[in-house]
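Structure first, commentary second.
In this chain, residues are counted from 1 in sequence order. Both backbone and side-chain heavy atoms feed into the values below; hydrogens, waters and symmetry mates do not.
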Amino acid sequence: TAGRFRGRRLTVQAAQAMVLLAGALTMIATFQDLRGVDLGLAPESVLVVDFGRVPARYAQPAAADAFRGEVLERVSALPGVRSAGLTYTLPFERGLNIPVTLADDFEADESAVEWRAVGGDYFDALGIERVAGRVLSAADRADSAPVVVVSESFARQYYGTESPLGRRINIGYIGAEPIRPGWEAQESSREIVGVVADVRDIHPGETPRRTVYVPLEQVPPVLAEVLPTLGGLLVDVGGRPERQLTLLRETVQRIDPALEEMQFRLLAELGGQTLGANRFNALLMGGFAGLAMVLVAVGLYGVLSFLIAQRTREIGLRLALGALPRRVIARFMARGLGWVVLGAGIGLLAALALAEAFASLGLGLEVIRGGALFQALMALAAISLLAAWLPTRRAASIQPMEALRHD
């Protein structure tokens with residue numbers, strides 16, 4: 001009875017280990033896949049300066065533009081800097097969601113898109129590919145014609161296979177109504193002058209967001225006055241960007257030492273944070289799976305040791321009558337592994353059922369994928385064979401006469 005109870009518990013442990021191990025392997029494989037996704041930008045050689053919140057002295061857009069312009073000019077002149085750009089919202093952080101309509105039809109396909117205001121050599125600094133037309137430049141100033149650059153996904157959504165270049169869009173209108181009072185006096189329709197590649201800068205696993213890029217100096221003052229941040233600077237310095245971090249910090253702080261909230265970081269670090277949850281989930285699930293495997297191994301070892309201790313006299317008698325040691329090993333291993341195989345089968349069915357449940361709920365979660373189940377089965381088989389072999393080997397080495405004298 002005690003052996004049967006221990007066997008059932010071993011079956012439950014094996015089932016749990018199977019589910020956890022399949023889930024852990026799936027999460028690890030997913031994490032590795034996400035690390036290899038083409039983000040549409042190259043963060044490896046880029047330094048980031050986050051200017052922080054807007055202080056009172058930069059509350060007026062003209063003052064903020066003057067500060068950012070001076071920073072851009074001085075940093076661009078530093079040795080080793082290949083390009084530098086400005087932005088209101090840093091990559092790997094969500095921009096503003098603003099409604100967009102076609103200029104010739106306020107009601108046509110109205111939807112919100114990602115809005116980013118950029119300046120300098122923003123696209124070159126991030127390595128964002130130009131697909132058609134041109135990118136924004138220093139010539140796109142507050143007193144020049146309103147222009148916009150759109151992403152490929154935006155162009156496909158609104159214009160299909162037609163070229164969007166030269167077409168006009170309204171930004172910030174719901175129907176014919178502006179999103180803020182006074183918006184219509186400061187924001188007129190914009191001409192699309194370029195198309196750039198899609199960027200996955202929120203999460204590698206997400207569908208690229210439809211994005212519009214407007215010149216930083218053409219941001220409507222009514223919006224600039226309520227934005228809580230001065231924005232940031234992106235600096236491409238080629239290889240080993242960490243070596244340039246000190247020089248960049250000294251240069252920017254010299255312009256305005258009173259900006260105490262400024263942060264200086266590597267863009268690659270910001271990018272790595274987008275996968276933080278995936279990394280944590282994979283490590284957590286892997287830890288639970290490892291613990292479950294240990295419990296299976298310890299349980300199997302304990303069950304077989306218990307059975308062998310109970311049947312020492314029987315083993316000795318069999319050996320005395322000429323039974324081969326390998327038959328003794330096979331007999332006990334088959335019994336112990338049978339419980340593990342039963343548990344693995346239950347775990348396999350449970351993993352498949354969980355995968356179906358998550359899929360039906362539309363949560364975008366995977367419990368199993370590809371070869372995860374096969375790998376989990378192999379891992380469980382390997383640890384179980386080792387755990388079963390150790391006590392059964394000891395059983396085969398029992399001396400028949402000593403076993404027969406065993407109480």
Inset, instruction - Run the numbers on Asp65 and Arg141 for salt bridge (charged side-chain N to carboxylate O under 4.0 Å, His left out), then give the verdict. - result: CA-CA 11 Å; Asp65 285 339; Arg141 306 183 64 85; over 6 Å; no

Inset, instruction - Any chance you could measure Glu73, atom CD, to Ile255, atom CD1, to the nearest 0.5 Å? - result: 9.0 Å

Inset, instruction - Mind listing the closest non-hydrogen atom pair of Val222 and Trp183 along with its distance? - result: CG1-CE3, 3.8 Å

Legend entry - Set of side-chain hydrogen bond (donor to acceptor under 3.5 Å, both in side chains) partners for Ser144, sequence neighbours left out: Gln218

Legend entry - Side-chain donor or acceptor of Gln244 paired with backbone N/O of Pro79 under 3.5 Å: yes

Inset, instruction - Would you confirm whether Arg130, through its side chain, and Gly133, through its main-chain N or O, come within 3.5 Å as a donor-acceptor pair? - result: yes

Legend entry - Phe264 six-ring centre to Arg249 NZ/CZ under 6.0 Å and within 45° of normal: yes

Inset, instruction - Please test Val100 against Tyr158 for side-chain contact (heavy atoms from CB on, under 4.5 Å), starting from the C-alpha separation and ending with a verdict. - result: CA-CA 10 Å; Val100 169; Tyr158 283 86; 4.0 Å; yes

Legend entry - Pair listing, ring-ring contact (aromatic ring centres under 6.0 Å, His included) test, anchored in residues 208-260, at least two apart: Phe123-Tyr213

Legend entry - Rounded distance [0.5 Å steps], CD in Glu162 versus CZ in Arg156: 15.0 Å

Legend entry - Side chain Glu261, main chain Arg53, donor-acceptor under 3.5 Å: yes

Inset, instruction - Could you pull out the closest heavy-atom pair between Pro99 and Tyr173, with the gap in Å? - result: CB-O, 3.6 Å

Legend entry - Ile128 vs Val199, side-chain contact (heavy atoms from CB on, under 4.5 Å): CA-CA, chis, key distance, verdict: CA-CA 8 Å; Ile128 299 176; Val199 173; 3.8 Å; yes

Legend entry - Taking every non-hydrogen atom, the tightest pair across Met262 and Val49: SD-CG1, 4.3 Å

Legend entry - Residues Arg82 and Asp121 bridged, charged N to O under 4.0 Å: no

Legend entry - Close side-chain approach of Ser188 and Asn170, heavy atoms under 4.5 Å: no

Legend entry - Heavy atoms of other groups near Arg57 CZ, more than 12 under 6.0 Å: yes

Legend entry - Side chain Asp124, main chain Ser83, donor-acceptor under 3.5 Å: no

Inset, instruction - Could you check if a side-chain atom of Leu126 sits within less than 4.5 angstrom of a side-chain atom of Pro91, using non-hydrogen atoms only? - result: yes

Legend entry - Donor-acceptor side-chain pairing of Ser45 and Asp236 below 3.5 angstrom: yes

Legend entry - Electrostatic pair Arg190-Asp140, nearest N-O below 4.0 angstrom: no

Inset, instruction - May I ask you to test the Trp115-Leu223 pair for a side-chain heavy-atom distance under 4.5 Å? - result: yes

Inset, instruction - Look up atom CG in Leu230 and atom OH in Tyr58, then write down how far apart they are to the nearest 0.5 Å. - result: 7.5 Å

Legend entry - Approximate separation, where rounding is to 0.5 Å, of Arg180 CZ and Glu187 CD: 13.5 Å

Inset, instruction - Indicate the atoms forming the closest heavy-atom contact of Leu90 with Thr87, along with that distance. - result: CD2-CG2, 4.0 Å

Inset, instruction - Evaluate the side-chain contact (heavy atoms from CB on, under 4.5 Å) criterion for residues Val149 and Val212: first the C-alpha distance (whole Å), next the side-chain angles of each, then the deciding distance (0.1 Å), finally the verdict. - result: CA-CA 6 Å; Val149 167; Val212 295; over 6 Å; no

Inset, instruction - Using a 4.5 Å cut-off on heavy atoms from C-beta on, say whether the side chain of Val118 contacts that of Tyr88. - result: no

Inset, instruction - Decide yes or no for Asn97 and Val113: does some side-chain heavy atom of the first lie under 4.5 Å from some side-chain heavy atom of the second? - result: no

Inset, instruction - Please examine the side chains of Leu233 and Leu47, heavy atoms only from C-beta on, and report whether any two atoms are closer than 4.5 Å. - result: no

Inset, instruction - Rounded to the nearest 0.5 Å, what's the gap from CD1 on Ile171 to OG1 on Thr101? Could you check? - result: 9.5 Å

Inset, instruction - Evaluate the side-chain proximity of Tyr159 to Leu102: yes if any heavy-atom separation is below 4.5 Å, no if none is. - result: yes

Legend entry - Shortest non-hydrogen separation from Pro208 to Ser153 and the atoms involved: O-OG, 4.1 Å

Inset, instruction - Taking the side chain as every heavy atom from C-beta outward, state whether Leu234 and Leu86 have any atom pair closer than 4.5 Å. - result: no

Legend entry - Partner residues of Arg116 under the side-chain hydrogen bond (donor to acceptor under 3.5 Å, both in side chains) criterion, sequence neighbours left out: Thr89, Glu114, Asp201

Legend entry - Result of checking Thr211, Leu165, Val196, Ile192 against Val150 for side-chain contact (heavy atoms from CB on, under 4.5 Å): Ile192

Inset, instruction - Report the relative orientation of the aromatic rings in Phe51 and Phe67; use parallel for angles under 30°, tilted for 30 to 60°, perpendicular for over 60°. - result: perpendicular

Inset, instruction - With rounding to the nearest 0.5 Å, note down the distance linking CD in Glu191 to CZ in Arg168. - result: 6.0 Å

Legend entry - Atom of Leu72, atom of Gly120 and distance for their closest heavy-atom approach: CD2-CA, 3.7 Å

